[in-house]
Amino acid sequence: MVEEEIPSISQISGLAYAMGVSLEKIAHHNEKALKDHGISHHQLKKTQFHSAFLPEISVRDYAQHLKRYAKFPNECFILALIYIERIMKRNQDFLLTFLTLHRITLTALVVSAKFHEDEYYSNSTYAKIG
């Protein structure tokens, strides 16, 4: 793959930020519902998307990081949101929380890139970026 210039922060699309904000709102709503019902994260069914610790970076900053370094096109962010919505609808055991946001975001973006783009990075490259 040809080495490309990394876009500056000012060149990054607002779509990555908007995706992050939307997902954070859903996670915040779900976290509040858990708290209101007295349910802790330890009581939830764990999935491969669960992180053991709360990531230090917000998902809106993480989405912009992925946009900048993995160079996902805007279409991938839209497809990723659709994929995440489908996962939430089809799997009632999956709950979007601050412990699942980052991994599900990266996974949905990688799947969208592999579906939509003719050329994409290897899984190991995405793992290093993410």
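On a predicted model such as this, the values are computed, not experimentally measured, just so you know.
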Student: Can you tell me how far apart CG (L23) and OG1 (T97) are? Round to the nearest 0.5 Å.
Tutor: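 Output value for this atom pair is 11.5 Å.
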
Student: Can you measure from CG (L79) to CZ (R86) and round to the nearest 0.5 angstrom?
Tutor: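 So the gap between those two atoms works out to 8.5 Å.
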
Student: To the nearest 0.5 angstrom, please state how far the CG atom of L15 sits from the OG atom of S22.
Tutor: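 Result: 9.0 Å between the selected atoms.
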
Student: Please assess V59 against F98 for the test side chain to side chain contact (heavy atoms under 4.5 Å, CB included), listing each intermediate value before the final yes or no.
Tutor: CA-CA 8 Å; V59 78; F98 290 111; over 6 Å; no

Student: Measuring from K89:NZ to F94:CZ, what's the distance to the nearest 0.5 Å?
Tutor: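 Here the interatomic distance stands at 15.0 Å.
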
Student: How many angstroms lie between atom NZ of K46 and atom OG1 of T100, to the nearest 0.5 angstrom?
Tutor: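 Result: 10.5 Å between the selected atoms.
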
Student: Tell me, do F49 and L96 make a side-chain contact under 4.5 Å, heavy atoms counted?
Tutor: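 No, every pair of side-chain atoms sits at 4.5 Å or beyond.
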
Student: Measure the shortest side-chain to side-chain distance between L34 and L95 over non-hydrogen atoms and say whether it is less than 4.5 angstrom.
Tutor: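 Counting from C-beta outward, L34 and L95 do come under 4.5 Å.
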
Student: For a 4.5 angstrom cut-off between non-hydrogen side-chain atoms, does F115 reach Y83?
Tutor: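 Heavy-atom side-chain distance check passes, below 4.5 Å.
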
Student: Thinking salt bridges, do E31 and K35 make one under a 4.0 Å N-O criterion?
Tutor: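 Answer for the salt bridge query: no.
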
Student: How are the rings of Y62 and H102 set relative to one another: parallel (under 30°), tilted (30 to 60°) or perpendicular (over 60°)?
Tutor: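 The rings of Y62 and H102 sit tilted, inter-plane angle from 30° to 60°.
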
Student: Are F53 and L99 close enough that some pair of their side-chain heavy atoms sits under 4.5 Å apart?
Tutor: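 No, too far: nothing below the 4.5 Å cut-off.
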
Student: Answer yes if L101 and I82 sit in the same cluster of Ile, Leu, Val, Met, Phe, Trp and Tyr residues linked by side chain heavy atoms under 4.5 Å apart, and no otherwise.
Tutor: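 Yes, because L101 and I82 connect within a single hydrophobic cluster, where side-chain heavy atoms sit under 4.5 Å apart.
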
Student: So does S112 get a backbone contact from the side chain of H116, meaning a donor-acceptor N/O pair under 3.5 Å?
Tutor: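 No; judged by distance alone, with no hydrogens or angles, the pair does not exist.
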
Student: Let's go through M19 and I78 carefully: what are the C-alpha distance in whole Å and the side-chain angles of both, what is the deciding distance for side chain to side chain contact (heavy atoms under 4.5 Å, CB included) to 0.1 Å, and is it a yes or a no?
Tutor: CA-CA 8 Å; M19 176 189 185; I78 295 168; over 6 Å; no

Student: Would you say S51's side chain and L54's backbone share a donor-acceptor pair under 3.5 angstrom?
Tutor: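 Not a single qualifying donor-acceptor pair exists.
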
Student: How close do H65 and I129 get, heavy atom to heavy atom, and via which atoms?
Tutor: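 Answer, listing the atom of H65 first, then I129: NE2-O, 2.7 Å.
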
Student: Just wondering, do H29 and I26 contact through their side chains at under 4.5 Å, heavy atoms?
Tutor: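 Side chain of I26 against side chain of H29, heavy atoms only: no contact under 4.5 Å found.
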
Student: Between V111 and I87, is there shared hydrophobic-cluster membership here, with clusters defined by ILVMFWY side-chain heavy atoms closer than 4.5 Å?
Tutor: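 As far as the 4.5 Å side-chain criterion goes, I87 and V111 are not connected within one cluster.
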
Student: Side chain of K67, backbone of F72: donor and acceptor closer than 3.5 Å?
Tutor: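 Yes, because the side chain of K67 sits within donor-acceptor range (under 3.5 Å) of the backbone of F72.
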
Student: Strictly by modelled atom types, are H50 and T47 linked by a side-chain donor-acceptor pair under 3.5 Å?
Tutor: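 Their side chains do contain a donor-acceptor pair, which is all the 3.5 Å distance test asks for.
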
Student: Starting at OG of S58, measure out to CD of Q64 and round the result to the nearest 0.5 Å.
Tutor: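 Atom-to-atom, S58:OG and Q64:CD are 8.0 Å apart.
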
